[in-house]
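Each chain gets a letter, A, B and so on, in the order the sequences are listed, and its residues count up from 1.
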Amino acid sequence: MSSSQSFQSLPHEQNCPECGNQLSPDEKRGETSCPSCGLVIEDGKLDHGPEWRYSNDPDGPSPRTGSPNTKLRHDRGIGNTQISTEHTDANGNQISSKKRRKLSRLRRYHKQAQTRSTKEQNIRTGISEILRMGSALGLNKNVKETASVIFRRASQQDMIAGRSVETMATSALYASIRLTGLPLQIPEIAQVSRVEEERIKHGYKVLNKELKLNVSPRAPEDYLPKIISNLNEPEMDQTNGKASYADESALEIKARELIDLARENELFSGKRPIGFAGAALYAADQLLLGDEKVRDCITLNQHAIGELIDKSPVTIRSRYQELIDVYREESG
DNA sequence: ATGGTTTTTACTGCGTC
DNA sequence: GACGCGGTAAAAACCAT
């Protein structure tokens with residue numbers, strides 16, 4: 001199902017999705033926020049590169065050790081520190097029994113600190129779930145990291161109590177997917193989660209509200225590449241050829257045009273965005289073919305599109321009609 | 001739970017191959 | 001006759017409250 005093409009993230013917005021003002025990056029705090037409404041777009045944008053210098057470059061940063069800071073570990077990676085059980089120090093000298101006792105005590109504290117609270121434990125399992133599901137869905141690191149950040153914040157604000165870690169982890173992943181604009185829907189995520197769809201939906205709602213995630217509604221365009229990439233999948237009827245116009249990019253461009261038109265005319269309210277995406281492709285195909293009745297492609301009929309986006313042909317028809325109406329209006 | 005809206009289901013007729 | 005398409009009424013699903 002997954003193709004590399006369909007999971008690319010969108011370019012970052014320069015303007016606030018909330019109020020439209022120019023965004024200002026705050027280097028010190030490592031976040032990009034809107035000066036007008038205070039919406040934080042990118043939080044914790046730190047340098048996660050290796051914290052050591054490669055050579056004896058005297059101008060380089062002072063060398064620090066340990067693995068790079070990452071949000072994908074419940075303790076951001078610093079828990080990798082180990083206190084050796086060897087009875088010798090770094091130079092191979094014996095350690096006194098007094099010091100050994102101290103070290104053993106430190107070791108114990110350290111271990112406790114790693115998973116001290118149940119909160120930390122929750123974050124640990126939550127994030128490992130996010131990683132598991134993310135990998136199953138073929139998501140890139142950014143999406144998983146964003147999901148982890150959301151999950152961590154949820155935990156810090158005591159939103160996990162009373163809900164299952166699984167639920168909130170899945171919901172955080174879905175929230176991250178929505179923020180990135182990936183064309184994945186809850187049913188697809190539920191397939192790799194251990195949680196029912198309804199719970200994901202609810203958890204996502206809670207996250208959205210409490211953390212003020214400010215997710216914009218789905219853009220129908222986001223679905224186009226995914227649908228198009230499935231148009232000529234091998235599992236589709238082999239007797240069906242390709243479309244007769246030049247290439248698929250023409251189809252996508254036309255479909256985008258139709259969707260833009262629909263947006264200008266405020267047709268989206270209440271309707272499933274994916275329906276517009278499917279219908280726009282259908283309409284684009286019709287328009288591009290024009291009067292050319294003969295075509296070797298029947299993959300783009302209402303039924304086939306409906307199958308691809310899991311909607312009925314009736315829905316395709318309705319959206320198609322709405323799209324064509326504004327299109328005809330526009331072009332006289 | 002409820003009520004408004006959208007989507008689906010099931011059925012229709014029409015034109016084309 | 002099979003197929004694609006358009007329309008419709010009623011049922012079902014969905015969603016905000």
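- For the residue pair A:Ser171/A:Lys205, the side-chain donor-acceptor check at 3.5 Å is not satisfied.
- For A:Tyr320 and C:dC5, the OH to P distance is 9 Å, given to the nearest whole Å.
- Contact between the side-chain N/O atoms of A:Arg319 and the OP1/OP2 oxygens of B:dT7 is found at a separation under 4.0 Å.
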Nucleotide N/O to protein N/O under 3.5 Å, stretch nucleotides 15-17 of chain C:
residue, atom, partner, partner atom, Å
C:dC15, OP1, A:Arg272, NH2, 3.4

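- In this structure, CD of A:Glu197 is placed 13 Å from C1' of C:dA13, rounded to the nearest angstrom.
- Atom CD1 of A:Ile316 is separated from atom P of C:dG4 by 15 Å (rounded to the nearest Å).
- Minimum atom distance to the side chain of A:Lys271 is reached by B:dT7, of the listed C:dG6, B:dT7, C:dC5.
- For A:Lys119, the side-chain hydrogen bond (donor to acceptor under 3.5 Å, both in side chains) test picks out A:Asp158, with sequence neighbours left out.
- An OP1 or OP2 oxygen of C:dC5 is reached within less than 4.0 angstrom by a side-chain nitrogen or oxygen of A:Tyr282.
- Taking A:Arg163 as the reference, nothing meets the side-chain hydrogen bond (donor to acceptor under 3.5 Å, both in side chains) condition, with sequence neighbours excluded.
- Applying the side-chain contact (heavy atoms from CB on, under 4.5 Å) criterion to A:Val326, with sequence neighbours excluded, gives A:Leu261, A:Asn265, A:Leu267.
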Go through A:Leu184 and A:Leu139 one step at a time and tell me if the side-chain contact (heavy atoms from CB on, under 4.5 Å) criterion holds.
CA-CA 10 Å; A:Leu184 283 166; A:Leu139 303 178; 3.7 Å; yes
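- For the pair A:Asn301 CG and B:dC17 P, the computed distance is 16 Å after rounding to whole Å.
- Pairs engaging residues 179-228 of chain A under the ring pair (Phe, Tyr, Trp, His ring centres under 6.0 Å) rule: A:Tyr174-A:Tyr204 [sequence neighbours left out].
- Following rounding to the nearest Å, A:Asp310 (CG) and B:dT7 (P) show an atom-to-atom distance of 13 Å.
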Anything under 3.5 Å between a protein N or O and an N or O of nucleotides 9-13 of chain B, put it in a table, one pair a line.
none

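- Among C:dG6, C:dG4, B:dT8, the nucleotide with an atom closest to any side-chain atom of A:Gln302 is C:dG6.
- Computed from coordinates, the A:His303 NE2 to C:dA2 P distance equals 17 Å when rounded to whole Å.
- Enclosure of atom CG in A:Asp310 is not indicated, since only 12 or fewer non-hydrogen atoms of other residues, nucleotides or ligands lie within 6.0 angstrom.
- Ion pair A:Arg256/A:Glu221 not flagged as a salt bridge, since none of the NZ, NE, NH1 or NH2 atoms sits closer than 4.0 Å to an Asp/Glu carboxylate oxygen.
- Between the CD atom of A:Glu307 and the C1' atom of B:dT8 there is a distance of 14 Å, rounded to whole Å.
- To the nearest angstrom, P of C:dG7 lies 10 Å from CG of A:Asp325.
- Under the 3.5 Å distance criterion, the side-chain polar atoms of A:Glu210 are left unmatched by any main-chain donor or acceptor of A:Leu207.
- The side chain of A:Lys311 approaches B:dT8 more closely than any other nucleotide in the set B:dT8, C:dG7, C:dG4.
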